[in-house]
Amino acid sequence: MDRDNQQADEAEGGKICDPPADTLATSLSLLGNHMFPERNYIPSMKNEEHNDSLYETTEDQSEEAQADDVTKPETEKAECFECQESVSSPPADRGLEDATCPADSDHADSGEFVVTMLAKAKLEEQGLGVEGQSSPLLEAGAQDSPGFASHRDEDVTADSWRQHRKHVFVLSEAGKPIYSRYGSEEALSSTMGVMMALVSFVQSGDNIIRSFYSEEHTVVFLHKEPLVLVCVSSSRQSERQLRGELLYVYYQIISMLTQASISRIFEHKKNYDLRRLLAGSEKILDGLLNLLDSDPSFLLAAVHCLPLASSLRDSLSQILQKAITPNLVFSILIARNQLLTIVQEKTVIEDTRLEPADVLLLLNLIGASSAFQAGEIWTPICLPLFNPDCYFYAYISYLDPPECTVCLLLLSTDKEAFYAVAECKRKIEGAMVAQNSLSLIAKVQPYSVSQVGVSDLRHFMYKPFDVPDNHRQLTQFTSPEMEAPYSSEEEQLRLLDLYRYMHSRIHSTSRPLKLIYHVAERETLLAWVTSKFELYSCFSPLVTKACAITAITKLLRWIKKEEDRLFIRYPPKYSTTPNPSKSSRAGKSDQQDSTDNGFLSLL
Amino acid sequence: MPEVSKMKKPDVKVVLLGDMNVGKTSLLHRYMERKFKETVSTVGGAFYMKQWGPYNISIWDTAGREQFHGLGSMYCRGAAAVIFIYDVTNWQSLAELEERFLSLTDTANDDCIYAVVGNKADLTDPKAQQLQDSDAASGTRAEGTLESTEPQVFSACPTPPASPASLSGLMLHKQVSPEDAKAFYERILRYKGLDEKSSLPADKMCFETSAKTGYNVDALFEALFNLVLPFILRKRNEIQVSPTVDLEECRGGGNKRSRSSCC
Ligand SMILES: Nc1nc2c(ncn2[C@@H]2O[C@H](COP(=O)(O)OP(=O)(O)OP(=O)(O)O)[C@@H](O)[C@H]2O)c(=O)[nH]1
Ligand SMILES: [Mg+2]
């Protein structure tokens, strides 16, 4: 690939050229013929109005909409007033309020989605049904059961293959297949070849292809040298959300191989088959893609911790804080794939905070790699947002065999530290036995929305951001369990899709909104972003706007009251650097040198 | 119970090496948990502690993926035994042992012992196909001592298939013969600069196993553990913890383990 073009593209921020129509159209229809042969396939290029930085930093999305925000959630009177103000101000939202479409009452929400999507894409307005879409949650369920039939074996010419809600492909710039969510990479090599042809063709005109739309599909590209990631989705998510998801896939690959080693490999050999190094990691990427569909943490770029009495959380943190060894940098306790507590080395994170994306990718990696859980795992792992080029060494062990629900994760910068770190686990285990922590943890439940005491409120997701310093460690969100009517996987997915829609409106790059009140067919949703928090809430369809606003006020008050239980509030730190007199910066670079050595020897 | 055993310092280290997908994790799981279940490809390495009589044997199940290759020599440091595992239906998996994994043992102990194991024998040999009802089998076998299981290794003529003919019709082609494995074993000795005569013979150190059916799995691990006992004893003597340990007592311990594991 032409490196200079790529640089130029990055700087230029993605205008799309008008490439000679014939060649481009040929490529597109080739791709279309394979992916959706029966469809009346109308490729359509979309001029991308975003600039690069907006999607490059998915994790910081929230900031754009807060810019001129003046809302103060603490003063409740003013808050309600402002709510109404904002609700009625953007004209498009007034339209949304009563946007339920009587003609298509079964799929009113999706109809609305589509209108928005298509309007944005400047495509002809054609409704999409939701029939025949496979639920990624169901697929996730199937994956978890042992002995599932691998998606790798799928027939890529079959209709069922095309009907998957979301395809993801990863290829090298030489057009070599690296990963496909469904079907084997070999069977798809010609499809991927066409995709790469598209990318390079557009690139040869000093441009970047970002997306194109067909009747039912959004195709999104993410070019992260030397990899190209492509998503073909019928999920009606925004292009930007889909690109954010591709970015997670990219970072998960980095978390296993590091950016430096991938670049080095492709510098030496442009047509290297990266599957050699990723072989065996498919399940990790499969698992990530299932989570992206079913876990809102990724959408919000925030971690969800298990609600825990602050006294218990503090005592767990103290146990971790006391069991240390040189070069240990993070100690993390996880129960049922949610955070219990996280303790960090002082100097390492003084000027860098741990990114939620790094934690989410780490949790996915653990979840997908520890089937035989009786052992103690020691493995190199990279935290791509912390530093994409070097490895940490992760010690992973379950504390409650054979149930294996409570997992201890210790990260060290020293490749050789296994036995020392394993010794920390013995200490932690001993202290937890003494304090009876495991049985206390076993009793912890996700909370029910009924505890809030607002009758029409069905579910919510609340993500604070601009809170006192101690929160800034790690962006978190809180959310109750999904209960009836969202007990089935289909319904949960439907609710998440509604949230995704609200999220895409709130974070629209062309016209970001602060507040949306959205009357859908089976529920009413309210999304609100301020300088202090981002909130998505779901009410029964009968709620009135006034009721919803009162409810939100109550909800915010409840969260404030429960804060200590819902969030990891005061994560303690420890000091394990051999030379504590060093400044934090020196300390940090010191740490990284040692990881880098480990990394070099790994190659 | 795991808490207690884990507190102890390992006496000796055994390492499993081999290409991805040959069945290292499955073999260890079959031996430790007496089960065959779906695995995921190992990341890095996984550390296990096995109580063997009065001794604690640490076992490293390493990842076969190329991605983790650089870590191999760390896992092998100070090892008393290395088990090279290949897949009998896959010639390349034996070739990889020589190309990629043999050099990792440079950090192993000088008197490290080596075993070569062809796994997935159930796919090629009818005799390995029969499910070894692990609980019942280990119960009877424990009485029969280890020697009785060892001749199973490469017994020249396989017993007639106990399974229906239709099953044996599904047999895969065996790509690696026992002779290939033995020849590789000789090359290990040569690579290590060890004298064939004073080393353990290839016949004793090459195995064919099936993690799926349990065929030969206990025989492999128990033979190996018995062979590393002298190593443990010497190490213990060196640190003057227990100046005299009766070898017979250790064997007794080993058998006790077998018996207790069946209840
Ligand atoms: N038929 C048969 N299949 C086996 C046997 N042992 C393992 N397998 C299968 O082979 C595959 C790989 O097994 P693993 O134990 O994960 O292989 P591994 O050597 O640990 O692989 P890595 O961890 O990636 O290095 C799994 O699908 C197992 O079910 C066996 O004895 N017979
Ligand atoms: Mg394994």
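Order of the sequence lines sets the chain letters (A, B, ...), proteins ahead of strands, with each chain counted from 1. None of the values given here were measured: they were computed from a predicted structure. What you see below is based on every heavy atom in this structure, not just the backbone, and it leaves out hydrogens, waters and symmetry mates.
Taking all atoms of both residues into account, the shortest heavy-atom contact from B:Ser41 to A:Gly280 is CB-O, 3.6 Å. When all heavy atoms of A:Lys283 and B:Thr39 are compared, the pair lying nearest together is NZ-O, 3.3 Å. Taking every heavy atom of both residues into account, A:Ile284 and B:Val43 meet most closely at CD1-CG1, 4.4 Å. Taking both residues in full, the closest heavy atoms of B:Met74 and A:Lys415 are given as SD-O, 3.1 Å, listed atom of the first, atom of the second, then distance. Here the closest non-hydrogen pair linking B:Arg77 and A:Glu416 is NH1-OE1, 2.5 Å. B:Gly44 and A:Thr379 make their closest contact through N-OG1, 3.2 Å (heavy atoms, listed as atom of the first residue, atom of the second, distance).
The distance from atom CG of A:Leu278 to atom CZ of B:Arg65, rounded to the nearest 0.5 Å, is 8.0 Å. To the nearest 0.5 angstrom, B:Gln67 atom CD is 8.5 Å from A:Ser261 atom OG. For the atom pair CE (A:Met256) and CZ (B:Phe68), the distance works out to 8.5 Å, reported to the nearest 0.5 Å.
For B:Lys212, the NZ atom counts as loosely surrounded, since its 6.0 Å shell holds 12 or fewer non-hydrogen atoms of other residues, nucleotides or ligands. The environment of A:Asn436 atom CG is dense: over 12 non-hydrogen atoms of other residues, nucleotides or ligands sit within 6.0 angstrom. Within a 6.0 Å sphere centred on CZ of A:Arg336, heavy atoms belonging to other residues, nucleotides or ligands number more than 12.
A perpendicular orientation is assigned to the rings of A:Tyr419 and B:Phe47, their planes being inclined by more than 60° (bins at 30° and 60°).
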Walk me through it: do B:Tyr75 and A:Phe418 pass the test side-chain contact (heavy atoms from CB on, under 4.5 Å)? CA-CA 10 Å; B:Tyr75 298 124; A:Phe418 172 79; over 6 Å; no
